[in-house]
Amino acid sequence: MADLPEVPFARLGVEIPDYEKPDGTRASQPFSRSSHALFRRDTLKSDGEGDGARTDYFKHHLVRIFKEIGKPVPYRFVDSVGRPRSMDGGCLKFVGPDGQNVADFDYKNGYIVAVTPKPELLALYGVRSSVAADVEAILQTSSLSPTERKQLVDARIGQGQFRTSVMARWGNKCAVTSCDLHIVVRASHILPWRDADNAERLDPENGLPLIATLDALFDAGLISFSDAGDMLVSQSVLENQHNLIGKAKRLSRKPGGRMRQYLAGHRRSYGFER
């Protein structure tokens, strides 16, 4: 058996709300307040299936913390009110390589010391939840006409005229890989939805067709593009997930003037320009 490594509690300062069961009663915390010993993969145990509210809570906050700190989430950390936290072994089993395989583990002496959500988990919990909230806000905006409301909803989910126009500008292919299998190519907004006005949200120059992996990374702010079209990659991806990028490292053509403005906004939003 490998020697148990010394792994201090990282001071992340992130807020972790208490987990409650769907019926409102309290339950054990997926990010425990106790100081669990480190796990190895073969010591992760659970009798469940990993699709319940408790695991959803764990996945959601794992993605949230990862996006806040921009690097693998330490297994042990101190939250915003100074409480030591450690991850639940059952939840780790479900997200890890021997479960749903939506997160990667970092090891020290064979023990799990950090967790990195994969792009499919980032897309599911980092993007879709915000999409649902934005769509709800559009539907509740009384100042919009039915046509405007439909256009905005379609644009937010990457469909309708917005998608058609974005795809057409790039030859109906992924702007990086030239993949033309439409089912895996998504029309992603460049200037994030939250930072754009309604005209910008419908502007096809504010869109890039990207395969699902690159779309998830782009939407999470883990990659961006320069005015020349070169891919910019966050340090966390370079250090831990560089295999996700593939060989193509730039847009298939140089972006035009208005698109360069949108790309500058994306870079600012995600810290690629300091």
Given the options I211, L210, I223, V176 meets side chain to side chain contact (heavy atoms under 4.5 Å, CB included) only with L210
If a pair satisfies salt bridge (Lys or Arg N to Asp or Glu O under 4.0 Å) and one of its residues is in residues 159-185, list it, with sequence neighbours excluded.
-> R169-E205
Quick one: do D98 and R41 make a salt bridge, cutoff under 4.0 Å?
-> yes
For residues L217 and D219, determine if any side-chain heavy atom of one lies less than 4.5 Å from a side-chain heavy atom of the other.
-> no
Report the residues that fulfil side chain to side chain contact (heavy atoms under 4.5 Å, CB included) with L202, sequence neighbours left out, ordered by chain and then residue number.
-> Q151, L152, A155
Give, for atom CD1 of I190 and atom CH2 of W193, the distance between the pair rounded to the nearest 0.5 Å.
-> 14.0 Å
Hey, could you give me the CG/CZ distance between L232 and R250, rounded to the nearest 0.5 Å?
-> 11.0 Å
Donor-acceptor contact below 3.5 Å, side chain N206 vs main chain E200 | yes
Which heavy atom of Y57 sits nearest a heavy atom of I16, and at what distance?
-> OH-CG2, 3.4 Å
Trace of the side chain to side chain contact (heavy atoms under 4.5 Å, CB included) decision for V7 with Y75 | CA-CA 9 Å; V7 180; Y75 167 76; over 6 Å; no
Ring centroid separation F31 to F58 under 6.0 Å | yes
Output yes when a side-chain donor or acceptor of T177 lies under 3.5 Å from a complementary backbone atom of C179, and no otherwise.
-> yes
Heavy-atom side-chain contact between L12 and R85 under 4.5 Å | no
Does the ring center of Y19 lie less than 6.0 Å from the ring center of H61?
-> no
Within a strict 4.5 Å, meaning less than it, do heavy atoms of the N198 and E148 side chains meet?
-> no
For the atom pair CE (M87) and CZ (F105), what is the distance rounded to the nearest 0.5 Å?
-> 9.0 Å
Quick one: closest heavy-atom pair of A228 and K254, and the distance?
-> O-CG, 4.1 Å
Modelled atom types, side-chain donor and acceptor of D88 and S32, under 3.5 Å = no
Spacing of Q140 atom CD and R149 atom CZ [to the nearest 0.5 Å] = 10.0 Å
Other residues, nucleotides, ligands: >12 heavy atoms within 6.0 Å of R11 CZ = no
Indicate whether the side chain of T116 and that of D106 have a donor and an acceptor atom separated by less than 3.5 Å.
-> no
N-O pairing of R201 and D197 below 4.0 Å = no
Thinking salt bridges, do R267 and D227 make one under a 4.0 Å N-O criterion?
-> yes
Residue pair S252 / W170, side-chain heavy-atom distance below 4.5 Å | yes
H189 and F162 aromatic centres sub-6.0 Å = yes
Which atom names give the shortest non-hydrogen contact between Q29 and D18, and what distance separates them?
-> OE1-CA, 3.7 Å
Is the side chain of T43 donor-acceptor paired with the backbone N or O of F39 at a distance under 3.5 Å, no angle test?
-> no
Side chains of L222 and F66 in contact at under 4.5 Å (non-hydrogen atoms) = yes
Closest heavy-atom pair, A103 versus P97, reported as atoms and distance to 0.1 Å, is O-CD, 3.9 Å
Salt-bridged, R258 to D203, with N to O below 4.0 Å?
-> yes
Could you tell me whether the side chain of F225 reaches within less than 4.5 Å of the side chain of D230, counting heavy atoms only?
-> no
One should read off an interatomic distance between L62 CG and C91 SG, to the nearest 0.5 angstrom, of 10.0 Å
Please round to the nearest 0.5 Å and tell me the distance separating atom CZ of R156 and atom CD1 of I138.
-> 8.0 Å
